[in-house]
Amino acid sequence: GAVVSQHPSWVICKSGTSVKIECRSLDFQATTMFWYRQFPKQSLMLMATSNEGSKATYEQGVEKDKFLINHASLTLSTLTVTSAHPEDSSFYICSARDRGLEQPQHFGDGTRLSIL
Amino acid sequence: QKEVEQNSGPLSVPEGAIASLNCTYSDRGSQSFFWYRQYSGKSPELIMSIYSNGDKEDGRFTAQLNKASQYVSLLIRDSQPSDSATYLCAVIGTGRRALTFGSGTRLQVQP
């Protein structure tokens, strides 16, 4: 089945640091990937849709200059949290779908980001 | 009104019982519906997908969809303690490509 790999799984860093998270589709090409964020005891909230070869589409309220998304190839999307602060601490999860909308989204293992 | 609504629970059932999880959605044009299971600290894993009205069975799991009532449910037969997790209902709404998730229902299966 479709596999999505996400790296790193855990990051602890100081406030002001920029953190890059990678998301790879291992056995399929993903023209579109999705980035979600989940705070404790809350559901997954879509941050942005990453489009291969073009700009990402951000959800309302998500700062595009703070959460930089790059989707340079059909198998790799990256999310960079720039100048991270403690309020950015969360569980970040990427997702991708193989082909059409009828296919389910598969999720990476997530990245737990803790900003001190 | 939230796009996808679920009772947060916890829903507590004894081992071997049937667990019934419910979900309603607001976008009548939605066409694709999914149930994911999420263990604490882990990412969601797909349980079931359903696209047309009626029931869809896969092992101990049955998904039910009623588009007229904008209602999706998941039944888990012969519940096991390992089924204890948060169950997320997810929908692809009209004109959307990404899943929209409900807040999840926490299921506890008592041994």
Side-chain angles (χ1 to χ4, degrees), chain A residues 1-10 21 23 30-52 54 56-60 62 69 71 77 90-114, chain B residues 2-10 21 23-27 29-52 56 58 61 63 65 72 74 85-108:
Chain A
V3 178
V4 175
S5 173
Q6 187 173 341
H7 177 82
S9 57
W10 195 287
I21 303 170
C23 180
T31 56
T32 304
M33 291 185 176
F34 308 98
W35 288 95
Y36 290 83
R37 178 169 55 182
Q38 186 177 36
F39 291 106
K41 300 191 183 302
Q42 296 186 25
S43 190
L44 282 77
M45 296 302 294
L46 180 68
M47 299 177 65
T49 299
S50 173
N51 306 297
E52 187 269 334
S54 64
T57 305
Y58 290 82
E59 296 298 299
Q60 189 174 9
V62 177
I69 291 173
H71 195 154
S77 175
S90 188
F91 191 43
Y92 292 84
I93 313 173
C94 74
S95 175
R97 177 185 293 120
D98 188 7
R99 292 187 291 276
L101 287 177
E102 71 279 6
Q103 298 297 320
Q105 280 180 223
H106 297 277
F107 288 83
D109 288 338
T111 297
R112 189 158 301 282
L113 177 62
S114 295
Chain B
K2 291 182 179 178
E3 293 182 59
V4 181
E5 295 210 49
Q6 295 179 255
N7 188 316
S8 62
L21 305 163
C23 170
T24 58
Y25 59 95
S26 61
D27 182 352
S30 300
Q31 295 295 323
S32 304
F33 308 87
F34 305 87
W35 283 99
Y36 285 81
R37 177 174 62 195
Q38 186 176 29
Y39 292 110
S40 181
K42 303 294 185 181
S43 67
E45 56 179 320
L46 180 69
I47 299 293
M48 294 280 288
S49 60
I50 187 165
Y51 308 101
S52 55
K56 179 181 177 182
D58 184 0
F61 300 96
L65 173 62
V72 192
L74 179 70
T86 296
Y87 288 80
L88 301 168
C89 175
V91 174
I92 297 181
T94 307
R96 301 278 292 178
R97 290 181 290 170
L99 290 168
T100 298
F101 284 88
S103 57
T105 298
R106 189 157 63 93
L107 173 66
Q108 295 177 339

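Keep in mind that what you see is a predicted model, and the values were worked out from it rather than measured. Letters A, B, ... mirror the listed sequences (proteins, then strands); counts begin at 1. Only heavy atoms go into these numbers, but all of them, side chains included; no hydrogens, no water, no symmetry mates.
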*Cationic tip of A:Arg112 within the cone over A:Phe91's six-membered ring, i.e. under 6.0 Å and within 45° of the normal?*
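Cation-pi check for A:Arg112 and A:Phe91: passes.
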*Under a 4.5 Å heavy-atom cut-off, does chain A meet the side chain of B:Gln38, its backbone, both or neither?*
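Looking at B:Gln38, just its side chain touches chain A.
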_Atom group of B:Leu88 that falls short of 4.5 Å from chain A, counting heavy atoms_ =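 The side chain, not the backbone.
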_Looking at A:Ser50 and A:Phe34, would you say the former's side chain and the latter's main chain have a donor-acceptor pair under 3.5 Å?_
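Not a single qualifying donor-acceptor pair exists.
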*Does B:Leu21 offer a backbone N or O that forms a donor-acceptor pair with the side chain of B:Gln6 under 3.5 Å?*
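No; judged by distance alone, with no hydrogens or angles, the pair does not exist.
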*Just give me the residue among B:Ser103, B:Gly102, B:Gly104, B:Ser43 that pairs up with chain A most often, heavy atom to heavy atom, under 4.5 Å.*
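Max contact count across the listed options: B:Ser43.
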*Check whether any side-chain heavy atom of B:Ile92 sits under 4.5 Å from a side-chain heavy atom of B:Gln31, and report yes or no.*
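Contact flag for B:Ile92/B:Gln31 side chains = no.
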*Counting heavy atoms not belonging to B:Lys42, are there more than 12 under 6.0 Å from its NZ?*
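Check fails, neighbour count at 12 or below.
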_Atom group of A:Ile93 that falls short of 4.5 Å from chain B, counting heavy atoms_ =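 Just its side chain gets close to chain B.
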*Measuring heavy-atom distances to chain B, does A:Gln38 have an atom under 4.5 Å in its side chain, in its backbone, in both, or in neither?*
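Side chain only.
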